[in-house]
Amino acid sequence: ISVRLHVMYMHSASYRHRSGKKIMASHIVGYPRMGPKRELKFALESFWDKKSSAEELEKVAADLRASIWKQMADAGIKYIPGNTFSYYDQVLDTIALLGAVPPRYNWSGGEIGFDTYFSMARGNASVPAMEMTKWFDTNYHFIVPELGPDVKFSYASHKAVNEYKEAKALGVDTVPVLVGPFTFLSLSKPAKGVEKTFNKLSLLDKILPIYKEVIADLKAAGASWIQFDEPILVMDLESHQLQAFTKAYSELESSFSGLNVLIETYFADVPEEAFKAVTSLSGVSAIGFDLVRGAKTLDLIKGGFPAGKYLFAGVVDGRNIWANDLAASLTTLQALEGIVGKDKLVVSTSSSLLHTAVDLVNEPKLDKEIKSWLAFAAQKVVEVDALAKALSGAKDEAFFSANAAAQASRKSSPRVTNEAVQKAAAALRGSDHRRATNVSARLDAQQKKLNLPILPTTTIGSFPQTLELRRVRREYKAKKISEDGYVKAIKEEISKVVKLQEELDIDVLVHGEPERNDMVEYFGEQLSGFAFTANGWVQSYGSRCVKPPIIYGDVSRPNPMTVFWSSTAQSMTKRPMKGMLTGPVTILNWSFVRNDQPRFETCYQIALAIKDEVEDLEKAGINVIQIDEAALREGLPLRKAEHAFYLDWAVHSFRITNCGVQDTTQIHTHMCYSNFNDIIHSIIDMDADVITIENSRSDEKLLSVFREGVKYGAGIGPGVYDIHSPRIPSTEEIADRVNKMLAVLDTNILWVNPDCGLKTRKYAEVKPALQNMVAAAKQIRTQL
Ligand code: GLN
Ligand code: ZN
């Protein structure tokens, strides 16, 4: 079906295929913006660096949008999303749409341009950027709206309607997507000064008139459908919040006439109360559900779905890279068809495809068999369409049987299954894994061996990654320099880092991680069961993308991964050298994870592999081993009821890695956040000997835990300065922070360290900062 023809069929729920058969409708919730080769990233960065013009950036963006719309239209998708493109973030776009610019950006009204937009996103010479935080449980970060009672809202960005018209001019009738008013306000934070008194949802009255203007605009431009994303509905909400949601959409109802309105939910099942609320909105004609992560929603739908409304069934996973099990989805869809009726069922993705990789076509080097198991965004669009056709009886048999063959090969492939690993992991379940001795006895034994001063100093692992280092790694990978040449270069770097730390008089040293590109990739590349892509990028924030490894099979560790470098580093110094590993939960949470077994199963397997490494390091004479769990907290499920189960297996996995070491081996862990007040008991249960944590933004949050009387007996190193900033902290300032900690923590458990690794900093910053840090520790030691 050509783009133009396709448009003609847009008005009925199902439309006729060339074959004369009625085709079930298909829909995509949203699509990646970055482009198959990160075109938008490079265009943005070049614009920010003033190397290209606004027009050039706009041209790249328009070309990307056009090719995405065309691709979906060509694939046969009926409801093609519009306005899911963004120069930075869809929540920031909504801030712009509503004119909710914080006063410090000095916006003078009118249509918001790049200047104001990017100042909010990234800061400018005089004002820092707005806060950013994770979008639900994804690795995507959105800009947090800052709202107070006196924000003056105005319709200040016409992006949604402009993109609608732009697509229309190309012959594609899109469904404009807006972040819904309820989700927008729920995700906002109160502006400075009104934190305690402010009820965010009270602003609904002020923003709904703007939404009405936008709706009217879209209608006037010809839109017949509008999608409101309300993912907040999957969270634990109180009834007054749901009432505000219902009120908001009843209020908008008058502007919905002549329109089909879709409310889209995603990332989890919708709790029963929210399900009731969203399905009983009279002005809303369609509701989208995530049926991949929302098995419970499926039951609710089976229990009753309002007659006459459309069900957008999200059966194709927007959060992962696996090919859909088409036969299974078809069965689900057929069951749903029986409930809502043929004309009211729309095949969709579970969420926006923003959270998956873009196009498998750009992975020529990926192993063929593994590739047959995968589907990136472009392939998922085709899957949605194939399911819609199959439902209508126009099943593409060849496509379905190729898919079935791939599913079968994935189930039986020897590269996926490793019986020994499966057995070992299964044996872990239900049993407990703890070190034999309690932490205070262990700390005593370790102290006899390590003989550290009080307030010992250390760093988190990485040292500055110079351009030269990156070049050496790149050339080694490309086989442009020999193994010998590479080892020599890395050894030299380690020796430099060791000498520097000795000069600075740091107590527990690190080797600096010069051989690592990334703390997960480095391990994934050496473990079995992992695959890597060339272009499998996913947007993290703004122009930043990550390329998560793919865990496709049972994980094992064929060879030691870090022992050579750590023992080389230890041989260069008499001081203790920390072995440096990434923990199982962090490896899991920063990868695309297999969907054919529970996450905890995969995590246990990784834990066993890391356990092998820990024990080999110990055998090689490494007495201090740090196992980073930077991402433990971000794996927390969206809903509170599921937290305990996750924390239980995550913490268990961590303990598995080190339960077998001697009392005298000191296990450290590191975490990249300070807001762990709610999970403090799980952190204690990890039973590490020493934990170093980020603490850069405020001491208060962290200190309050201990003030409230939480007993913490293990070593703890709350970061004494912020490594995310180039600023060099003074000795006084660091001493001051250490003294604050000493007020609530025992002298003999406190460590002094920066709050994260130093790899993004320059030596010119790192040297004086660490100098001051050591000076502060020494100064306080003399006063104790
Ligand atoms: N050991 C790692 C480093 O120093 C930890 C990084 C992190 O916590 N994100 O780079
Ligand atoms: Zn960190």
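Atoms within each ligand, like the ligands themselves, are counted from 1 in listed order. Position 1 is the first residue of the sequence; numbering continues from there.
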- Note on the structure: Protein neighbours of ligand 1 with a heavy atom under 4.0 Å, given by chain and number, are I460, G461, S462, E513, M519, M580, D628, A630, H670, C672, C756, G757
- Under 3.5 Å, is there a donor-acceptor pair between the side chain of Q570 and the main chain of M577? yes
- Query: If you look at H670, which of its N/O/S atoms is nearest to the Zn ion (ligand 2)?
  - Reply: NE2
- Could you note down all residue pairs passing salt bridge (charged side-chain N to carboxylate O under 4.0 Å, His left out) where residues 763-776 supplies at least one of them, sequence neighbours left out? R761-E765
- Message: For the aromatic rings, using the six-membered ring if either is Trp, is the centroid distance between F654 and H433 under 6.0 Å?
- Response: no
- Does any donor atom in the side chain of D507 or T457 lie under 3.5 Å from an acceptor atom in the other side chain? yes
- Are Q446 and D689 linked by a side-chain donor-acceptor pair shorter than 3.5 Å? yes
- Taking the six-membered ring for Trp, are the ring centroids of F463 and H511 within less than 6.0 Å of each other? no
